[in-house]
Amino acid sequence: MELHWHCELCEHQDVNLRKGNVCGLTANKPNFKNTCSTIEFGEKRKQKVIDTNAKFQKILKNKWWVYSYFILFNILAIVLFYLDYIFLNYLKHFFLMAYTVPIIISAIAIVLLGMGWGALNNYQNNLNIAKANKSEVDAALSAYNINYDLKLDFLKSFHGAPKVKSDLKFYYMK
């Protein structure tokens with residue numbers, strides 16, 4: 001686990017343009033083994049846990065749409081490739097300019113394939129990033145024997161960070 005995740009949860013975190021994440025108490029980069037002796041949890045920890053979990057849950061909610069787009073665009077591309085094949089068989093006795101239509105149909109099919117695969121790849125990349133961030137926050141908290149219960153209610157938001165109503169309770173493990 002990287003040390004900056006501890007700092008992301010601490011109220012003493014400061015960001016320096018030259019050094020990056022630094023401790024507000026020492027003005028140096030984090031320099032500890034497993035846990036920081038001067039870490040102070042507060043509102044920053046709460047907000048980081050909520051934001052990380054909200055991004056993860058929002059990405060998971062899009063799973064159905066992403067797979068639907070992937071399947072739909074692939075089916076449409078296959079249908080267009082089949083129509084292109086039929087059209088080419090019909091046009092093989094005509095002049096050369098008639099082949100422009102099958103080329104356009106093939107181009108549209110390739111674009112649809114790209115859209116389907118692109119949506120799937122984007123979803124998987126975002127999911128992997130959100131999952132890694134969530135596990136890093138959870139690991140940093142567990143180093144201090146802290147666990148949490150979180151209930152999220154998503155409010156309507158169309159762009160940007162998800163707006164959520166949360167019920168977060170921290171407790172110490174034994």
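Keep in mind that what you see is a predicted model, and the values were worked out from it rather than measured.
- Under a hydrophobic-cluster definition in which Ile, Leu, Val, Met, Phe, Trp and Tyr are linked whenever side-chain heavy atoms come within less than 4.5 Å, directly or via other members, L88 and Y82 are assigned to different clusters.
- Note on V111 and I78: separate hydrophobic clusters, where clusters join Ile, Leu, Val, Met, Phe, Trp and Tyr whose side-chain heavy atoms are under 4.5 Å apart, directly or indirectly.
- Atom CG of L76 sits about 10.5 Å away from atom CG of L83, to the nearest 0.5 Å.
- Annotation: K29, atom NZ; neighbour count of heavy atoms from other residues, nucleotides and ligands within 6.0 Å is above 12.
- In this structure, CG in L120 is found 12.5 Å from CZ in F73, a value given to the nearest 0.5 Å.
- Contact annotation: the side chain of N126 never approaches that of N62 to less than 4.5 Å [non-hydrogen atoms, C-beta and beyond].
- Of all heavy-atom pairs between C7 and P30, the closest is SG-CG, 3.6 Å.
- Between A132 and S135, the shortest heavy-atom contact is O-OG, 2.9 Å.
- To the nearest 0.5 angstrom, F87 atom CZ is 11.5 Å from S106 atom OG.
- With rounding to the nearest 0.5 angstrom, the NZ atom of K131 is 14.0 Å from the CD atom of E136.
- Nearest heavy-atom pair, A119 versus V66, reported as atom, atom and distance to 0.1 Å: O-CG1, 3.7 Å.
- The same ILVMFWY cluster, assembled from side-chain heavy atoms under 4.5 Å apart, contains both W65 and L112.
- Within 6.0 Å of OH on Y85 lie no more than 12 heavy atoms contributed by other residues, nucleotides or ligands.
- No donor-acceptor pair closer than 3.5 Å links the side chain of Y148 to the backbone N or O of K46.
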* Test log, rule side-chain contact (heavy atoms from CB on, under 4.5 Å), inputs L127 and L60 -> CA-CA 7 Å; L127 180 64; L60 285 178; 3.6 Å; yes

Quiz item: Should D149 and L168 be marked as a side-chain contact (heavy atoms from CB on, under 4.5 Å) after you check the CA-CA gap, both sets of side-chain angles, and the distance that decides it?
Solution: CA-CA 6 Å; D149 286 326; L168 176 62; over 6 Å; no

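- Side chains of M115 and Y69 form no contact here, defined as non-hydrogen atoms less than 4.5 Å apart.
- Linking ILVMFWY side-chain heavy atoms closer than 4.5 Å, directly or via other members, places I75 and I86 in two distinct hydrophobic clusters.
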request  = Evaluate the criterion side-chain contact (heavy atoms from CB on, under 4.5 Å) for residue pair K55 and N133; output intermediate values, then yes/no.
outcome  = CA-CA 10 Å; K55 287 177 186 173; N133 287 343; over 6 Å; no

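- More than 12 heavy atoms of other residues, nucleotides or ligands shown are found within 6.0 angstrom of CZ on F81.
- Q57 and N53 share no side-chain donor-acceptor pair at under 3.5 Å.
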(request) Apply side-chain contact (heavy atoms from CB on, under 4.5 Å) to the pair Y67 and Y123, showing each step before the final yes or no. (result) CA-CA 9 Å; Y67 283 106; Y123 168 76; 4.3 Å; yes

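- The line from CZ of F56 to CG of L152 is 11.5 Å long, rounded to the nearest 0.5 Å.
- For the residue pair H12 and T38, the shortest heavy atom distance occurs at CD2-O, 3.2 Å.
- Summarising the local packing, CZ of F170 is surrounded by more than 12 heavy atoms from other residues, nucleotides or ligands at distances under 6.0 Å.
- Partner Q13 forms a side chain to side chain donor-acceptor pair (under 3.5 Å) with one of H6, K44, E40 and no other, that one being K44.
- Side-chain atoms of D84 do not come within 3.5 Å of backbone N or O of L80 as any donor-acceptor pair.
- Rounding to the nearest 0.5 Å gives a distance of 10.5 Å between CH2 of W5 and CG of D138.
- Comment: D167 engages K169 in a salt bridge, judged by a side-chain N to carboxylate O separation of less than 4.0 angstrom.
- The nearest pair of heavy atoms linking Y144 to A140 is CD1-O, 3.1 Å.
- The minimum heavy-atom distance between T35 and A143, with the atom names listed, is CG2-O, 3.4 Å.
- Here the side chain of N122 pairs no donor or acceptor atom with the backbone of G118 at under 3.5 angstrom.
- When the side chains of ILVMFWY residues are joined at heavy-atom separations under 4.5 Å, either directly or via intervening members, V15 and I39 end up in two distinct hydrophobic clusters.
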